Structure formats: C-alpha cells, structure tokens
Q: 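Quick one: structure below, then a few questions.
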Amino acid sequence: MNLLGAGILKGMAVTLKNFIGSYFDKERLNTLEYMWQNDKSLPKRAGDYPKEEGEQLRPTTTVTNYSRNFPMLLHDDGEPMDTIRCVACQICERECPPQCIYIEKSDDKKERPGGKPQFYPATFDIDVSVCMSCQICVEVCPFDAIVMNSQFELSTPDRFNGLLLKRGDLLKSNQYYHKIHPEEAADRDKRIADDKAAKEAKKKAAEAAKEAKKKAAEAKAKSEAEANSKEESKDPSEPPQTSTEHNKEENTE
Amino acid sequence: MGPHHPSTHGVFRMDVKLDGETVVDLKPVFGYLHRNHEKIAENISYLASMPFTDRLDYFNSMTNNWAYAIAAEKLVEIEVPERAEYLRVIMAELTRLVNHISLVGFFVNDLGALGTPLLYAFREREKILDLFEQASGARMMCNYLRFGGLRCDVPEGWLKRARDLVDRFPKFLDEYEQLLCENEIILSRTQGVGTLSRDLAISAGVTGPMLRASGVNYDIRKVDQYGIYNRFKFRVPYSENNVGDCYDRFMIRMLEMRESIEILKQALDGIEEGPVMGNAGKVFKPKPAEAYGRIESPKGELGFYLVADGTPKPYRFRVRPPSFINLTVLRDMCIGQQVADAVIILGSIDIVLGEVDR
C-alpha cells in the first residue's frame, strides 16, 4: 500500500533538489544560454559575440548551417574595402521587396585584385527592422557580393540607428561565410571559379578564333597574292594590285 | 467578441447579438491585419512578390509559393523539371501535415483542453519545420519555390530525414487519434454543432476540408491534377452525410493527414536525381496575358489571378484566399448556437487572418 500523496512528494523532491542545486552548480540547469560563452558579461551590441568569429551558434543541431537571417556583404582576403565584391550596381536596391537597402555609388573607381577598376558603394545601409530575410538580394546579385548571415543576436536599445546596419557592420570576410554556411559557400566558390574559367576559356576561344581568322585571311591573301603574282608573271604591267593586297593584310592585323 | 488573442486565430472580432447564451445574430469584423498585399505586388517585380505570398497564410508558405508559381508559369509556359515537381509535392504534403496538425491542436485548445494537446501537435510540427529550414533556410517564411522550379536543391541526407519523419508520423497520429477522436467531451461538444448543409456550402463557394466535411467530393488535386498529382494513388476523405458539423470537419483533417503520408511515401520513392530549375531566364517579363493558377491548399482552393501587360510588374494581382471565403458562412453556422460554441465553430473553419485580410 502506498501512502497517499507519496508520488507527489517524490516528484517535488526532484524539483526541489534541482532548484537548490542550480544555485550551486550551473550545470544542473537544463536551459543553457550561449554555451560558447565563458564569461557571463552581457554584450553591448550585435557583433560582440560569439567570441570567435563564425563559431557555431548551436553546436548540437545541424539546422543553423542552413538558416538565414539578414544579408551581409562579402569581401575576399585582404583589407575589406580593397577587396569588397560589391560594385554598387544597385540591382539589389531595386529588387528588394520591402525596399530596405540604400546604396550610394562612389564617385571614383577603385582597383580590384585580378580585375578592372570598379565603383564601390560609398554608402550601403540595410534597415534590418524592415528587412524580411527573403534572400531576393542574394539571388539577383551578379557579383556574389551579398549573402545571408545567420547571426540572430541583433537586439539593441537604439531603435533607429541600432537597427540600421552600415557598410562597416555588413562587411564580412569570405572565410566567415565558409564557417557559417560551409556547403553553400563551397558551392558558390566553385561556381565563381567555374564562371571565371568559362570566361577565360571563352576569351581564349575568341582569341583563337581571331587568330584562326587572321591566319585564314593571311592564307587567303597569300593565295590571292600568289594568284596575283601569277597574273603578274602573265602581265607584269599592272603593279597597283599588289599594293591593295598589302593594305588588306594590314587591316586584318 | 474579440479582437482575439493573437496566438489563436489572429486579430478577429465578432459582433454577436445574444439572447441569454444563444447567438441570435453575428457579424464578423476583420481587416485588422490588412497589409495591402495585392497593391504592393502590382508595384514590384513578379519575383519580389514571392516572399510576400509566404506571409499570406503563414502556416503554409510552401503551398502559397506553389499557387503563385503555377499562375506565373501559366503566363510564360515554363517547363518544371521532374525533381522539382516531386519536391514541390513533398513540400506541399508536409505543409498539409503542419497545417492540419496545428489546426487540430488549436481546435482542442478552443474546446478547453489548454496546452497539452496543442503542444503534442507542435512537437511534431517543429520536426517538419526543421526540415523546411534545412531545405530553404527558414522555418516558416520559406520563399523556396521559383518560377520554373525551386530556389535550390535539398541538402544531402534531407530525403532520408524526411523519410524517417514520414515513417514515424503515423505512430504519433495513432496516439493522437486514440486520445482525441472518441473522447467523450469532444464528442458532446462538437457533434451536431455548427452544421453546414451541402447546398449552402456549394452556393457560398466554400472549398477544401470544410466542403468535403459537408459531403461534397471535391479536391483540386484530383480535379485539376496540377503538378504531378496524377501519378499518386490517394483517397479523398469526405463525409457521407449532406450536413457537416464540427466533428466532421475535425475528423476530415485527421483522415487527410493519413492520405498525405501515403502521397509522401510514394513521392519519396519516386524522386530521382536531376536539376531543380527549368530554363526560366533571369528576368521575368511576360507578354500581355492573363492567368489563374490554383491549388488545393490545406485550407481550400488558393488561387492567384495575374494580368500581365508586358512590363516586369503585374498589371493586376489578385488572391483568392480560401480562409476568407470559408469565413463567409460563419454567421449561418453560428445562429442558434451557444456563445461557447461560436468559438469552436470559428476554430473548425480553419482561418489564418494573414490570408483573410491580406
């Protein structure tokens, strides 16, 4: 025979044990906040943690790898503003459904590694209080310059300026992108490399075609010249023909 | 009554005229969530409207995307690749599970069983939302479909995880049905309450599970056979009586989930590797034309009517929301019922105010 209410007392004992225990041993708490954080000092604003940039936010789940929150701007290795991918073409600004992107184009052009000098965004603001995380800007960007960040700790006491992310807040390195979305970043890099290779191959093919054309023209000129010389040998009293052939050859070059 | 608590049925008010506890007259008041969706869509490009459709019926963003994609694909006649069609069906049926399981949870919540049944339902819903997040990047606002295919392929191992979930789901349904379907309180509170006759349902344009609960065998998956629904073998549950009450509407959803699982199993068996995006160009600029695309969303017939005028923006953009049209029969169902029953009648209609108000 069980004592009436014994089960309740037993259950309450467990609760009490955990309740008191939690004051002495934080590990007893089931709910852990910011597990990567060693000290409990509260962050001042977004970007202060995780301590190491790009550290896994929820190590126990794989879901975060795929999640998206707000956009960020990518730059390659080196000084952020020297290697920024954005060329201020303003396509994302035009396409953004809730119109939360504001871009001002620079007046001057800047040298890019392995490319022509390009414009850069003098101002690039994203109002994250308006942004709806739809990823349209990422899709329309022809330069792979804007991608989605998965950082979610963006609360701030300043409702207007705090939620308006400036160019400096948005700039993140490609390594960071590789850390938060490994698969997606690898795919994107592969595509960029493929595109580049395809472009170069195309360029090469165009050059080769040009070369071939030139050769064909030369051969044609040669054969015509030969024909002409034959004609000349037949009738040496017509010299202006050869001079026009010569002009043609110069033109093809 | 209302505006209701935001986490149950949205911001909705009922002007109720009472005689004691009996409802004499009722006038639904809505529009608190109006966001000008249709007019906004006429001022932005076709693609930019896609994330806004997520926010119509925020439980079923995948099916909303699909209805819009079908309408846009009719405008320009894009071919959708095989794998994308399969994934669309998988996503749509998972969405149906999400919607029906939440509906049943909220319905029992309205009956007075606070919390527990709803949280059981939400536990299962969360597993499906995790799958959505892995595929599309977001739990609820998926924005996953594109004109002519999908935004991206599902990650590696996703299909296996989906298969695991589908295999485990019937066990949960068994448990849930055992707890709820023959529960004495549920039977006495829902049977004979909020009746909707077959004739009224048809003449009011009611669609979806509500129409089938009133005894009409009508499912757009069977009628239109959009996508690749003609390849799957499934049954459409509908009531045998010509009058549907709250219990019928509740049971129809439980039965539909079983059928969704059947479709999911067949789709997961049939899916093959391949591209997920058709030959749609980067710029979507249809010639002047009009198109109406509709699907069987979990709530009923969801349709998008588009008029193109040759510019990158639609000339007219119109949504045919199932919740809104199903809501029009609320007054007829509530008259003569008790006040407490008006709440569960509203719950059994299955409305989402984001879609009603747009």
Side-chain angles (χ1 to χ4, degrees), chain A residues 56-72 89-101 126 128-144 146-152 177 180-191 194-195, chain B residues 35-37 40-55 58 61 64-65 68 126-158 160-161 276-277 280-284 312-313 317 354:
Chain A
Q56 277 292 313
L57 297 178
R58 271 190 287 163
T60 49
T61 63
T62 54
V63 173
T64 320
N65 284 347
Y66 307 100
S67 75
R68 61 169 194 253
N69 205 7
F70 294 121
M72 61 181 179
C89 67
Q90 295 174 319
I91 291 178
C92 52
E93 187 185 22
R94 251 196 332 270
E95 283 290 321
C96 175
Q99 302 282 301
C100 70
I101 304 177
I126 292 181
V128 292
S129 61
V130 175
C131 177
M132 60 186 198
S133 316
C134 66
Q135 209 171 3
I136 296 282
C137 53
V138 179
E139 277 164 58
V140 297
C141 182
F143 301 96
D144 296 286
I146 189 165
V147 292
M148 297 310 272
N149 200 343
S150 57
Q151 190 167 34
F152 54 87
Y177 181 42
I180 57 168
H181 297 308
E183 288 163 32
E184 197 188 300
D187 279 356
R188 195 174 288 266
D189 276 8
K190 192 170 166 287
R191 215 192 56 235
D194 285 353
D195 280 1
Chain B
R35 312 183 293 290
N36 221 350
H37 168 67
I40 289 174
E42 284 162 20
N43 290 307
I44 53 176
S45 68
Y46 283 90
L47 175 63
S49 291
M50 189 62 95
F52 282 120
T53 63
D54 288 341
R55 284 140 177 94
Y58 38 79
S61 64
N64 295 348
N65 285 175
Y68 181 44
E126 204 59 33
K127 290 175 190 166
I128 301 176
L129 293 187
D130 274 356
L131 283 179
F132 284 172
E133 182 172 6
Q134 287 165 10
S136 72
R139 288 167 67 246
M140 290 175 79
M141 302 300 141
C142 300
N143 187 19
Y144 185 54
L145 271 66
R146 289 288 173 273
F147 312 139
L150 306 170
R151 185 167 61 73
C152 56
D153 205 346
V154 289
E156 230 180 294
W158 189 90
K160 199 188 160 293
R161 285 193 285 272
V276 292
M277 194 65 200
K282 250 212 152 155
V283 182
F284 189 84
K313 295 168 186 173
F317 182 101

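Computation of the quantities below employed the complete heavy-atom set of this structure, encompassing side-chain atoms and omitting hydrogens, waters and symmetry-equivalent molecules. Proteins come first, then strands; the chains are lettered A, B, ... in the order of their sequence lines, and each starts at number 1. Note that the structure is predicted; figures quoted are calculated from it, not measured.
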Q: Could you give me the CA-CA distance, side-chain angles and deciding distance for B/Ile40 and B/Phe52, then say whether side-chain contact (heavy atoms from CB on, under 4.5 Å) is met?
A: CA-CA 9 Å; B/Ile40 289 174; B/Phe52 282 120; 3.8 Å; yes
Q: At a 4.5 Å cut-off on heavy atoms, which part of B/Arg139 comes close to chain A: side chain, backbone, both, or neither?
A: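 For B/Arg139, neither part sits under 4.5 Å from chain A.
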Q: Can you find a heavy atom in the side chain of A/Val138 that is under 4.5 Å from one in the side chain of A/Arg68?
A: no
Q: If you tally heavy-atom pairs under 4.5 Å against chain B, which of A/Met132, A/Gln99, A/Gln135 wins?
A: A/Met132
Q: Would you please say whether a donor-acceptor pair under 3.5 Å links the side chains of B/Asn65 and B/Asp54?
A: yes
Q: Counting only heavy atoms closer than 4.5 Å, note whether B/Cys142 contacts chain A via side chain, backbone, both or neither.
A: backbone
Q: Looking only at atom types and distance, does a side-chain atom of B/Ser61 sit under 3.5 Å from a main-chain N or O of B/Met141, one as donor and one as acceptor?
A: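 No; zero donor-acceptor contacts below 3.5 Å.
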Q: For chain A, find which of B/Gly137, B/Ser49, B/Cys152 contributes the most heavy-atom pairs closer than 4.5 angstrom.
A: B/Gly137
